[in-house]
Amino acid sequence: VNIGTSATVLNLEMEKEKARIAVKYGADTIMDLSTGGNLSEIRRELMKVSEPLPFGTVPTYQAHIEGVQRFKALPPEDFYLKVVEEHLRDGVDFMTIHAGITLELARKAVRSGRVEPIVSRGGAMLVAWMLENNSENPYYKNFDYLLELFAEYDATISLGDALRPGAIADAHDGLEVAGVINNARLVRRAREKGVQV
């Protein structure tokens, strides 16, 4: 079950009720996709009412949104990693980490003839960061460090599909395939380190 606030609908009680209903009717997991309000507080409150279900997040959202608010520009690389650590310390069970999209693929995506170059919100946030800084994806660049963190906290990585197609015309193109191949390589690295993916 996906729940979460937005900048236009910021109603924590409504999201908590969604979580309670998900627990009551036997959902497998709950995913917090919040993008509006105090994201740390919202996450912690939603986690409380989501027990005993596994609880997931997309830390890229918080890193990007709060980073821009705090730094008045795209945040520094280490801020993305600090937000992941905060989620792990809070007890998040799994996170979507968009590590498979590289700077090279970001450049290709924005120059592509795709109907919609990038439909993934987290992927688009990271592409903006990579292109603005002319630097590699912080999650891809620091993937071994992320594996150490996830192993320490016994959490699971859900590799984000940042280059999934948004239209039939874009399905199975070179960008999607390249993203899948990158994610497959990252899965192999994670398994070698004993991290669940």
Side-chain angles (χ1 to χ4, degrees), residues 1-7 9-66 80-101 118-126 137 139-140 143 145-166 176 179-180 182-184 186-197:
V1 171
N2 292 335
I3 60 175
T5 62
S6 71
V9 181
L10 182 49
N11 185 334
L12 179 56
E13 290 308 313
M14 181 172 68
E15 300 311 312
K16 287 165 73 172
E17 183 60 17
K18 290 177 188 177
R20 288 185 197 101
I21 291 169
V23 171
K24 178 178 178 180
Y25 289 102
D28 295 313
T29 61
I30 293 183
M31 186 71 158
D32 174 21
L33 301 175
S34 293
T35 56
N38 182 328
L39 299 178
S40 295
E41 178 185 321
I42 290 165
R43 177 179 60 257
R44 292 170 187 144
E45 287 297 311
L46 292 176
M47 287 178 72
K48 288 177 191 172
V49 297
S50 298
E51 291 181 2
L53 297 181
F55 190 88
T57 60
V58 186
T60 305
Y61 296 174
Q62 183 174 358
H64 186 85
I65 293 164
E66 289 187 1
Y80 286 87
L81 304 175
K82 288 178 182 176
V83 171
V84 170
E85 291 181 66
E86 177 186 318
H87 288 220
L88 288 168
R89 281 194 306 272
D90 283 350
V92 168
D93 299 293
F94 65 98
M95 287 180 230
T96 298
I97 303 290
H98 297 84
I101 184 164
I118 301 172
V119 296
S120 162
R121 177 185 289 168
M125 290 172 169
L126 285 166
N137 178 344
Y139 298 139
Y140 182 80
F143 195 67
Y145 174 66
L146 290 175
L147 292 178
E148 291 175 15
L149 285 175
F150 276 79
E152 179 183 344
Y153 286 91
D154 192 27
T156 299
I157 295 176
S158 170
L159 287 168
D161 188 3
L163 292 168
R164 65 185 182 267
E176 181 184 10
V180 169
N182 277 354
N183 277 346
L186 295 173
V187 166
R188 184 178 303 132
R189 283 169 60 186
R191 288 185 176 158
E192 288 169 357
K193 302 277 188 179
V195 176
Q196 293 292 321
V197 288

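Within the 4.5 Å cutoff, side-chain heavy atoms of F143 are placed close to those of I157. Put simply, the side chain of I101 does not reach to within 4.5 Å of the side chain of N182, judged on heavy atoms. Residues V9 and M14 form a side-chain contact, since some pair of their non-hydrogen atoms from C-beta on lies under 4.5 Å apart. At least one side-chain heavy atom of I97 sits less than 4.5 Å from a side-chain heavy atom of P59. By the 4.5 Å heavy-atom criterion applied to side chains, V197 and F150 are not counted as neighbours. When side chains are defined from C-beta on, T57 does not count as touching Q62, because their heavy atoms never get closer than 4.5 Å. Looking only at side-chain heavy atoms (C-beta outward), L12 and L46 come within less than 4.5 Å of each other. In this structure, the side chains of T29 and L53 stay at 4.5 Å or more apart for every pair of heavy atoms.
What you find for G166 and V119 is that their closest heavy atoms are CA-CG1, 3.4 Å. Across all their heavy atoms, V23 and P52 have their closest contact at CG1-CD, 4.2 Å. When all heavy atoms of A99 and L159 are compared, the pair lying nearest together is CB-CD2, 4.2 Å. Scanning all heavy atoms of the two residues, the minimum distance from I3 to A19 falls at CD1-CB, 3.9 Å. Shortest non-hydrogen contact noted between L88 and A155 is CD2-CB, 3.5 Å. Closest approach of G122 and T60 over heavy atoms only: O-CG2, 3.7 Å.
Within the 3.5 Å criterion, the main-chain N or O of V58 finds no donor-acceptor partner in the side chain of T96.
Here M95 contributes atom CE and F55 contributes atom CZ; the two are 11.0 Å apart, rounded to the nearest 0.5 Å. Between the CD atom of E192 and the CG atom of L147 there is a distance of 9.5 Å, given to the nearest 0.5 Å. The distance from atom CG of N183 to atom NE2 of H98, rounded to the nearest 0.5 Å, is 9.5 Å. The CG atom of D28 sits 10.5 Å away from the CD1 atom of I30 when rounded to the nearest 0.5 Å. Note: M47 CE to H87 NE2 = 10.0 Å, rounded to the nearest 0.5 Å. Between the CG atom of L186 and the CZ atom of R191 there is a distance of 12.0 Å, given to the nearest 0.5 Å.
Qualifying side-chain hydrogen bond (donor to acceptor under 3.5 Å, both in side chains) partners for D90, counting only residues two or more places apart in sequence or in other chains: R43, R44. For D32, the side-chain hydrogen bond (donor to acceptor under 3.5 Å, both in side chains) test picks out S34, with sequence neighbours left out. Remark: Y80 pairs with no residue by the side-chain hydrogen bond (donor to acceptor under 3.5 Å, both in side chains) rule, at least two apart or across chains. Partners of K193 according to the salt bridge (charged side-chain N to carboxylate O under 4.0 Å, His left out) rule, which considers only residues two or more places apart in sequence or in another chain, do not exist here. Annotation: salt bridge (charged side-chain N to carboxylate O under 4.0 Å, His left out) contacts of K16 (sequence neighbours excluded): E13, E45. Here R189 pairs with D144 under the side-chain hydrogen bond (donor to acceptor under 3.5 Å, both in side chains) rule; sequence neighbours left out.
In the displayed structure, Y140 atom OH is contacted under 6.0 Å by at most 12 heavy atoms of other residues, nucleotides or ligands.
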Please report the C-alpha distance between R20 and E17 in whole Å, then the side-chain angles of each, then the deciding distance to 0.1 Å, and finally whether the salt bridge (charged side-chain N to carboxylate O under 4.0 Å, His left out) criterion is met.
CA-CA 5 Å; R20 288 185 197 101; E17 183 60 17; 3.2 Å; yes
Check step by step if side chain to side chain contact (heavy atoms under 4.5 Å, CB included) holds for Y153 and E85.
CA-CA 9 Å; Y153 286 91; E85 291 181 66; over 6 Å; no
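Comment: E15 engages K18 in a salt bridge, judged by a side-chain N to carboxylate O separation of less than 4.0 angstrom.
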